[in-house]
Novice: 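One structure, pasted below without further comment.
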Amino acid sequence: MQRCIGVIYEGANPNLFGSLTDTRPGYMLPFGARYRIIDFTLSTMTNNDFSNVVLYGSRLIRSTLDHVGNGKPWELNRRRSGLTIFPPTYDKRLQNLTEIGSYFDTLEYYRNAKEEIVYCTDPMLIQKGDLGSAYDCFLENGYDILMLYKKQKDELGTFLYANKLILDEDKNIKNIGSHLGTEEEFNFLTSIGFMKKEVFIRIILEAAEKGNATTLIEAVKNNLGNLKIGAFEEEQQTEWIRDLKSYYRSNFDLLNRDIYEDLFYKNGLTLTKSKAMPPTVYNGNADVSNSLLANGCIIDGQVENSIIFRGVHVKKDAIVKNSIIFESTVVGEGSVVVNSITDKGVVIGDGVTLVGSATNPFVASKNEKIMK
């Protein structure tokens, strides 16, 4: 897809992740024992042969620069095009960060780019798609915009308030609405998708001039009757991370082998920044079941239904269950950690008990020391 610019902009509210986003953007949250959420979108760009990718960095951009850097792990470190990271910009009228404001401030980049098409996506929607069929559909039908969606069942209300496409009998887009749980299955809008660059520039200018949209979806919705817009159905596994609860749930979805293989191996590998660490050590008292563990850990206690990142030490007689343990956490002897998330570098003293719930996990802040 050499004619496309891949555009990545996070749509999630960072205030909905508790202290986990005090030091990092949402798309930089650790995921699946040794990855970051952003890895999936960048890997999709690489696996679909994008040579020009733009990432709009959120607040607290240092972690983005440290992990993503020049894009080398995703083969985006090129002298021309490659990966471009824009720092956050603020709407001069609203005095806050907006998607339209960010695009407006960088329109010159798109005007000067040789590519004729943009592909717009949100990294908080984790999926690994083969975009080739959608791209062909976009070109063959001469669409101004081709929006991507998935038939999504939602018995538990996991996708409440997600954007949905309202289609007629011929699958033409009638409107863009919100999923309110009134349907057993709805058309989940997974990506704004492919768009002619000239159309992208025009609707951004219009939204900025009229002040009638702060997001790209709003700007597209304002032009539904003026543009040729198509819909393309996807089928791959999708995880939608919008708050602490969905982040917690999505990590545990990986304990399902089918979901894990779909996200990490289907349509190309998921790539990430590598770190050289020794293998994990399981000592004589270790008891590990149904969990994902990265390298560099020392396990002396019990780990069950949990996601364990690099360099974690679970000491003797400690119990970790239904929890996400970030890098370099120490769980003291005889401690119990259930339904919890510990940020990087947390130290849990001996005999400490941390218990949350599946809908409201306990969260320990970065480098926090919790003693009895």
Novice: Regarding T342 and T329, do their side chains bring together a donor and an acceptor under 3.5 Å, going by distance alone?
Specialist: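 The answer is yes; a qualifying pair exists.
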Novice: Quick one: closest heavy-atom pair of M45 and Y119, and the distance?
Specialist: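 Taking M45 first and Y119 second, the nearest heavy atoms are CE-CD2, 3.9 Å.
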Novice: Can you tell whether the side chains of D343 and R24 come within less than 4.0 Å, N to carboxylate O?
Specialist: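 Yes, this pair counts.
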Novice: Could you tell me if Y149 and S191 have a donor-acceptor pair between their side chains, going purely by distance under 3.5 Å?
Specialist: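 No, no side-chain donor-acceptor contact under 3.5 Å.
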Novice: Run I145 and L227 through side chain to side chain contact (heavy atoms under 4.5 Å, CB included) and show every step you take.
Specialist: CA-CA 8 Å; I145 302 173; L227 299 170; 3.9 Å; yes
Novice: Less than 4.0 angstrom from a charged side-chain N to a carboxylate O is my criterion; do E108 and R111 meet it?
Specialist: yes
Novice: Hey, does Y103 have a side-chain heavy atom less than 4.5 Å from the side chain of V7?
Specialist: yes
Novice: State yes or no: are the ring centers of F138 and Y143 separated by less than 6.0 Å?
Specialist: no
Novice: Taking N283 for its side chain and A286 for its backbone only, find out whether a donor-acceptor pair lies under 3.5 Å.
Specialist: no
Novice: Mind running side chain to side chain contact (heavy atoms under 4.5 Å, CB included) on L107 and I204 for me, showing each step along the way?
Specialist: CA-CA 9 Å; L107 278 184; I204 295 303; 4.1 Å; yes
Novice: Could you tell me whether the side chains of Q152 and N187 share a donor-acceptor contact shorter than 3.5 Å?
Specialist: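 Judged by distance alone, the side chains do not pair up.
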Novice: With distance as the sole criterion, is a donor-acceptor pair present between the side chains of N267 and D130 under 3.5 Å?
Specialist: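 No - no donor-acceptor pair under 3.5 Å links their side chains.
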Novice: Taking the six-membered ring for Trp and the full ring for Phe, Tyr or His, determine whether the centres of F159 and F188 are under 6.0 Å apart.
Specialist: yes
Novice: Check for me whether the distance between the ring centres of Y260 and F264 falls short of 6.0 Å.
Specialist: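 Between F264 and Y260, which both carry aromatic rings, the centre distance is below 6.0 Å.
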Novice: Charged N to carboxylate O under 4.0 angstrom, E327 versus R34?
Specialist: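 Judged by the 4.0 Å cut-off on N to carboxylate O distance, E327 and R34 do not form a salt bridge.
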Novice: Other than V288, which residues form its hydrophobic cluster under the rule that side-chain heavy atoms must be closer than 4.5 Å?
Specialist: Y282, L293, I299, V303, I308, V312, V314, V320, I325, V331, V337, V346, I348, V352, L354, F362, I370
Novice: Please test T106 against Y56 for side chain to side chain contact (heavy atoms under 4.5 Å, CB included), starting from the C-alpha separation and ending with a verdict.
Specialist: CA-CA 10 Å; T106 55; Y56 284 87; 2.6 Å; yes
Novice: I'd like to know if R62 pairs up with D66 as an ion pair, taking the criterion as any Lys NZ or Arg NE/NH1/NH2 lying under 4.0 Å from an Asp or Glu carboxylate oxygen.
Specialist: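 No, no charged N to carboxylate O under 4.0 Å.
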Novice: Evaluate the side chain to side chain contact (heavy atoms under 4.5 Å, CB included) criterion for residues E10 and S58: first the C-alpha distance (whole Å), next the side-chain angles of each, then the deciding distance (0.1 Å), finally the verdict.
Specialist: CA-CA 8 Å; E10 179 189 351; S58 188; 4.0 Å; yes
Novice: Is it the case that the side chains of T190 and E234 hold a donor-acceptor pair, with the cut-off being a distance below 3.5 Å and no angle test?
Specialist: yes
Novice: Can a side-chain donor-acceptor contact be found between K245 and T359 if the only test is distance below 3.5 angstrom?
Specialist: no
Novice: Looking just at side-chain N and O atoms, do Q127 and T238 make a donor-acceptor pair shorter than 3.5 Å?
Specialist: yes
Novice: What about the rings of F194 and F232, do their centers lie closer together than 6.0 Å?
Specialist: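 Between F232 and F194, which both carry aromatic rings, the centre distance is not below 6.0 Å.
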Novice: Less than 3.5 Å apart, any donor N or O on the side chain of S365 or S19 sitting next to an acceptor on the other?
Specialist: yes
Novice: Listing request: all salt bridge (Lys or Arg N to Asp or Glu O under 4.0 Å) pairs with a residue in residues 143-153, at least two apart in sequence or in separate chains.
Specialist: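 Non-adjacent pairs meeting salt bridge (Lys or Arg N to Asp or Glu O under 4.0 Å): D144-K196.
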